[in-house]
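Any value given below was found using the heavy atoms of this structure, including those in side chains, with hydrogens, waters and symmetry copies removed. All figures in this text were calculated on a predicted structure; none of them were measured in a lab. Below, chains carry the letters A, B, ... as their sequence lines are ordered, and counting in each starts from 1.
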Amino acid sequence: SQQGEEDPQALSIQEGENATMNCSYKTSINNLQWYRQNSGRGLVHLILIRSNEREKHSGRLRVTLDTSKKSSSLLITASRAADTASYFCATSNYGQNFVFGPGTRLSVLP
Amino acid sequence: DTEVTQTPKHLVMGMTNKKSLKCEQHMGHRAMYWYKQKAKKPPELMFVYSYEKLSINESVPSRFSPECPNSSLLNLHLHALQPEDSALYLCASSQDGIGELFFGEGSRLTVL
């Protein structure tokens, strides 16, 4: 069964603005990961946050994790047109099964 | 080498054909995955191999047959597929089955 649920499903912003995407999940997790997918391409790993971590940064990316609410957020600061893509969260629950949420389609307009 | 290589990039096949998708990684990862992705949907797990043994089969129809000849290679044999099987098939690998997944660019399959 699918765990991660992204919100919003689609997001359109202007270049330079910040983009925030949210992910909720249902069961306990070992870690939560965020991936980017350009149209018709493979997924690219962005960042992994472990269940005992609350916040993580990587360049213009900031991820938070609230295990009490079973939710995570991905913030992309100072967005660029090249950030246009679909973003998926994926949860790992100690097994080998990574379950992906439905994704957020981000459009960054120049 | 941090790449996962998938071939072919595109495949068109009839419902009576037999074809195979191939995936290769040279990162020494012990877990390899097949995912299926329909347009505007998330990837859906099909199979997981761990140490060259099938560890997860997500109730995939038998017309899809995975094979892991060695620790670097993963195949997906296709036979008697249906038009609804048309999708992007993604291969991925992971060092330990828990951390980061490395994806290939996918094989776009069209079943006529």
Side-chain angles (χ1 to χ4, degrees), chain A residues 1-11 21 23-26 28-53 56 58 61 63 84-107, chain B residues 2-7 9-10 21 23 25 27 29-60 68 86-110:
Chain A
S1 62
Q2 202 161 307
Q3 286 213 89
E5 299 287 336
E6 273 96 342
D7 164 41
Q9 291 187 352
L11 179 61
M21 290 159 265
C23 169
S24 61
Y25 56 93
K26 297 176 183 175
S28 62
I29 62 171
N30 177 49
N31 66 61
L32 185 144
Q33 304 178 36
W34 286 90
Y35 290 82
R36 183 187 74 231
Q37 185 179 34
N38 290 86
S39 181
R41 306 288 298 276
L43 282 77
V44 175
H45 181 265
L46 296 176
I47 198 165
L48 179 154
I49 187 165
R50 292 185 169 78
S51 58
N52 61 353
E53 297 176 313
K56 207 161 183 180
S58 176
L61 306 180
V63 168
T84 294
S86 291
Y87 291 81
F88 296 95
C89 69
T91 52
S92 169
N93 60 348
Y94 302 96
Q96 296 167 320
N97 187 356
F98 294 83
V99 179
F100 286 83
T104 294
R105 293 189 305 280
L106 174 66
S107 296
Chain B
T2 58
E3 281 191 348
V4 175
T5 303
Q6 289 189 244
T7 56
K9 286 184 169 34
H10 299 276
L21 305 180
C23 175
Q25 59 90 10
M27 295 177 279
H29 289 176
R30 72 166 183 85
M32 295 187 75
Y33 305 74
W34 280 116
Y35 280 87
K36 173 183 176 180
Q37 186 179 30
K38 303 282 270 186
K40 296 186 178 181
K41 296 291 186 182
E44 294 181 1
L45 183 66
M46 301 175 71
F47 303 104
V48 181
Y49 272 83
S50 179
Y51 291 110
E52 303 169 42
K53 294 191 186 307
L54 184 64
S55 60
I56 297 178
N57 177 342
E58 289 289 300
S59 302
V60 178
C68 189
S86 298
L88 182 67
Y89 288 83
L90 293 161
C91 175
S93 69
S94 171
Q95 172 70 31
D96 54 9
I98 297 175
E100 176 183 353
L101 283 171
F102 288 78
F103 280 88
E105 290 291 347
S107 293
R108 173 76 59 189
L109 173 67
T110 303

- Residue part contacting chain A, namely of L90(B), when any heavy atom lies under 4.5 Å: side chain
- Query: Do you know which of G40(A), G103(A), S86(A) has the most heavy-atom pairs with chain B at a distance under 4.5 angstrom?
  - Reply: G40(A)
- So what's closer than 4.5 Å to chain A heavy atoms on I56(B): side chain, backbone, both or neither? side chain
- Which residues share a side chain to side chain contact (heavy atoms under 4.5 Å, CB included) with T110(B), sequence neighbours left out: V12(B), S86(B), L112(B)
- Message: Restricting to side chain to side chain donor-acceptor pair (under 3.5 Å), what partner residues turn up for Y35(A), sequence neighbours left out?
- Response: Q33(A)
- Qualifying residues under side chain to side chain donor-acceptor pair (under 3.5 Å), relative to E105(B), sequence neighbours excluded: R41(A)
- Using non-hydrogen atoms and a 4.5 Å limit, figure out which bit of Q9(A) sits close to chain B: side chain, backbone, both or neither. neither
- Here the pair of heavy atoms bringing N97(A) nearest to E58(B) is ND2-OE2, 4.0 Å
- Message: Under a 4.5 Å cutoff for heavy-atom pairs, which residue among R50(A), Q37(A), H45(A) has the most contacts with chain B?
- Response: H45(A)
- May I ask you to list the residues in residues 30-38 of chain B that approach chain A closer than 4.5 angstrom, counting heavy atoms only, ordered by number? R30(B), Y33(B), Y35(B), Q37(B)
- Task: Would you name the heavy atoms of P42(B) and G101(A) that are closest together and state the gap between them?
- Result: CB-O, 2.9 Å
- Item | Under 4.5 Å from a heavy atom of chain B, the part of L43(A) involved | both
- Message: If I measure from the heavy atoms of chain B, does F98(A) come under 4.5 Å with its side chain, its backbone, both, or neither?
- Response: both
